[in-house]
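I have placed the structure first, in the form of structure tokens, so that the comments after it can refer back to it.
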Amino acid sequence: MNVTSAAALSLFLALVACATEPGDSADAWSYPLDDVLRFDDLQAVGTHNSYHMRTEGVEIEEWDYEHAPLDVQLGAQGVRQFELDVWWDSASGDFRVYHVPLMDETTTCAWLSECLQTMRGWSDENPAHHPILTLLELKDGWREDGAATLLTDLDAVVAAAWPDERRVSPDDVQRGEASLAAGLATEGWPTLGELRGRALFVLHAGSDFRQTYTEGDTTTAGRPIFPDAGGDLALSVGAFSSMNDPHDEAIAAVLAAGHLVRTRADSDGDQARAGDTTDRDAGLAVGAHFVSTDFPVPHPDTGYVVTMPGGTPSRCNPVGAPAECTSEAIEDPAFIGR
């Protein structure tokens with residue numbers, strides 16, 4: 001064999017090896033229940049203010065927590081739901097990501113486009129993951145004369161990082177029915193097989209922004225982002241609800257209506273400092289799909305942490321998942337390159 005042929009063979013074998021690495025190709029993994037299990041059959045850990053890092057010199061107890069970069073949360077920590085606070089920057093055409101102006105601006109990713117690309121890069125390397133969900137909390141105050149443009153700009157930044165084929169959009173759930181809520185009631189959520197390797201985004205903002213985004217709560221057609229219904233089952237544009245109190249008795253009805261529900265296991269660090277798992281355990285037991293925390297790793301003093309019992313990293317939802325479901329059928333760690 002001459003040198004040229006040997007080099008060509010070596011290159012071919014290297015390409016074959018790369019193509020069969022777990023996480024690099026759909027051919028490298030298979031989920032037998034992907035045509036059975038749906039998005040709402042899972043339960044996953046989320047993080048609150050997922051970009052947040054401690055700001056040097058600021059000693060405010062409620063802000064005393066710090067997250068790893070988003071791709072590390074996805075990989076090493078098994079987080080599958082995020083929350084990003086976004087502030088419009090007209091000079092850049094992008095949104096800045098931080099908590100409070102001047103006082104608490106330290107972040108693992110400074111721009112929304114950067115945050116989204118970090119998640120997208122991890123997803124590209126691990127297409128066997130179940131859908132990732134991200135709340136986008138608009139921090140700009142609502143102004144009637146600028147809200148529509150602001151929301152169009154938000155759509156554009158999201159769609160640039162996560163195009164249609166990699167994103168779960170309201171149209172995917174509406175499926176030609178009269179409204180998003182009607183599509184959810186008629187067909188339910190798509191299967192995990194339809195949604196692997198994709199991300200879903202939620203407009204986590206007040207009702208003024210939601211009504212502007214949905215033309216007076218009438219339509220989500222063509223929009224890349226889901227509005228947050230906040231537990232309001234009367235909304236025709238509802239399919240996702242943030243319900244921060246895990247003890248809220250209304251959660252059961254919202255789950256029964258098919259909404260994805262996100263709740264909080266802790267807030268302001270109170271539960272973590274006290275080592276109190278009451279809210280965490282309530283969120284897990286009630287069947288919220290995403291249980292959000294500031295502590296996906298143990299608190300240094302109390303050891304308080306939010307992880308998914310029996311999750312790999314997520315698990316079958318304890319309320320409503322079919323009997324044949326297993327955590328590995330939701331997401332198998334053998335197919336994810338940490």
*Step by step, work out the side-chain hydrogen bond (donor to acceptor under 3.5 Å, both in side chains) result for Asp228 and His204.*
CA-CA 6 Å; Asp228 189 337; His204 190 53; 2.8 Å; yes
Would the distance check show the side chain of [X] and the main-chain N or O of [Y] forming a donor-acceptor pair, the cut-off being under 3.5 Å?
X	Y	answer
Tyr51	Leu70	no
Asp332	Ala334	yes
Asp294	Asp266	no
Ser241	Met243	no
Glu114	Ala110	yes
Thr149	Gly146	no
Trp88	Asp94	no
Ser123	Gly197	yes
Gln73	Ser50	yes
Asp171	Gly222	yes

Sidechain N-carboxylate O distance under 4.0 Å for [X], [Y]:
X	Y	answer
Asp64	Arg273	no
Arg196	Glu331	no
Asp145	Arg143	yes
Arg198	Asp172	yes
Arg54	Glu56	no
Asp217	Arg210	yes

*Let me see the working for Val173 and Trp189 under side-chain contact (heavy atoms from CB on, under 4.5 Å), right down to the final yes or no.*
CA-CA 6 Å; Val173 179; Trp189 284 93; 3.4 Å; yes
Which pair of non-hydrogen atoms, one from [X] and one from [Y], has the smallest distance, and what is that distance?
X	Y	result
Leu135	Ser242	CD1-OG, 3.9 Å
Pro227	Thr220	CD-CG2, 3.8 Å
Ile336	Ala128	CD1-C, 3.9 Å
Thr307	Pro296	CG2-O, 4.3 Å
Arg223	Ser169	O-CB, 3.9 Å
Ala265	Asp279	O-CB, 3.3 Å

_If you apply the rule ring pair (Phe, Tyr, Trp, His ring centres under 6.0 Å), what do you find for Trp87 with Phe95, and how did you get there?_
CA-CA 5 Å; Trp87 308 74; Phe95 291 79; over 10 Å; no
*Count the heavy atoms of every other residue, nucleotide or ligand shown that sit under 6.0 Å from CD of Glu165, and state whether that count exceeds 12.*
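Yes.
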*asked:* Please check if the number of heavy atoms outside Asp208 that lie under 6.0 Å from its CG is greater than 12.
replied: yes
*Are Leu33 and Leu42 linked, directly or through other ILVMFWY residues, by side chains that come within less than 4.5 angstrom of each other?*
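Leu33 clusters together with Leu42.
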*May I ask whether Leu138 and Phe226 are part of the same hydrophobic cluster, defined by side-chain heavy atoms of I, L, V, M, F, W, Y residues being less than 4.5 angstrom apart, directly or through others?*
no
*asked:* For a quick check under 3.5 Å, do Thr106 and Thr55 share a side-chain donor-acceptor pair by atom type?
replied: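 Judged by distance alone, the side chains do pair up.
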*Apply side-chain contact (heavy atoms from CB on, under 4.5 Å) to Leu154 and Leu150, showing your working.*
CA-CA 6 Å; Leu154 183 64; Leu150 181 70; 6.0 Å; no
*Quick one: sort the His129 and Trp122 rings into parallel, tilted or perpendicular, breaks at 30° and 60°.*
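The rings of His129 and Trp122 sit tilted, inter-plane angle from 30° to 60°.
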*Once the angle between the rings of His48 and Tyr65 is folded into 0 to 90°, is it parallel (under 30°), tilted (30 to 60°) or perpendicular (over 60°)?*
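If you compare the ring of His48 with that of Tyr65, the planes turn out tilted.
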*Before giving the answer on side-chain hydrogen bond (donor to acceptor under 3.5 Å, both in side chains), spell out for Thr191 and Glu194 the whole-Å C-alpha distance, their side-chain angles and the decisive distance to 0.1 Å.*
CA-CA 5 Å; Thr191 64; Glu194 296 173 276; 3.1 Å; yes
*Could you please spell out the steps behind the side-chain contact (heavy atoms from CB on, under 4.5 Å) verdict for Val297 and Gln77?*
CA-CA 8 Å; Val297 295; Gln77 298 175 7; 3.7 Å; yes
From [atom1] ([X]) to [atom2] ([Y]), nearest 0.5 Å:
X	Y	atom1	atom2	result
Tyr98	Asn49	OH	CG	13.0 Å
Lys139	Asp85	NZ	CG	4.5 Å
His259	Leu235	NE2	CG	7.5 Å
Met53	Asp104	CE	CG	11.5 Å

*Looking at His67 versus His52, is the centre-to-centre ring distance below 6.0 Å?*
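No - the distance between ring centres of His67 and His52 does not fall below the 6.0 Å cut-off.
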Report yes if some heavy atom in the side chain of [X] is under 4.5 Å from a heavy atom in the side chain of [Y]; otherwise report no.
X	Y	value
Leu112	Leu84	yes
Leu136	Val202	no
Asp71	Met119	no
Phe290	Gln43	no
Leu74	Phe82	yes
Trp111	Ser92	yes
Leu284	Met308	yes
Asp41	Val36	no

*Considering the options Asp40, Val254, Val291, Asp248, which one meets the side-chain contact (heavy atoms from CB on, under 4.5 Å) requirement together with Val261?*
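Of the listed options, the one satisfying the test is Val254.
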*Which residue, Thr312, Leu192, Asn317, forms the side-chain contact (heavy atoms from CB on, under 4.5 Å) with Ile330?*
Leu192
_Criterion side-chain contact (heavy atoms from CB on, under 4.5 Å) on Arg262 and Ser292, from CA distance to verdict_ = CA-CA 7 Å; Arg262 172 262 196 181; Ser292 180; 3.8 Å; yes
*For Thr152 and Asp155, what are the C-alpha separation, side-chain angles and deciding distance, and is it a side-chain hydrogen bond (donor to acceptor under 3.5 Å, both in side chains)?*
CA-CA 5 Å; Thr152 298; Asp155 279 356; 5.5 Å; no
*Apply the test ring pair (Phe, Tyr, Trp, His ring centres under 6.0 Å) to residues Tyr213 and Trp142: give CA-CA distance (whole Å), side-chain angles for both, the deciding distance (0.1 Å), then the verdict.*
CA-CA 12 Å; Tyr213 194 70; Trp142 187 83; over 10 Å; no
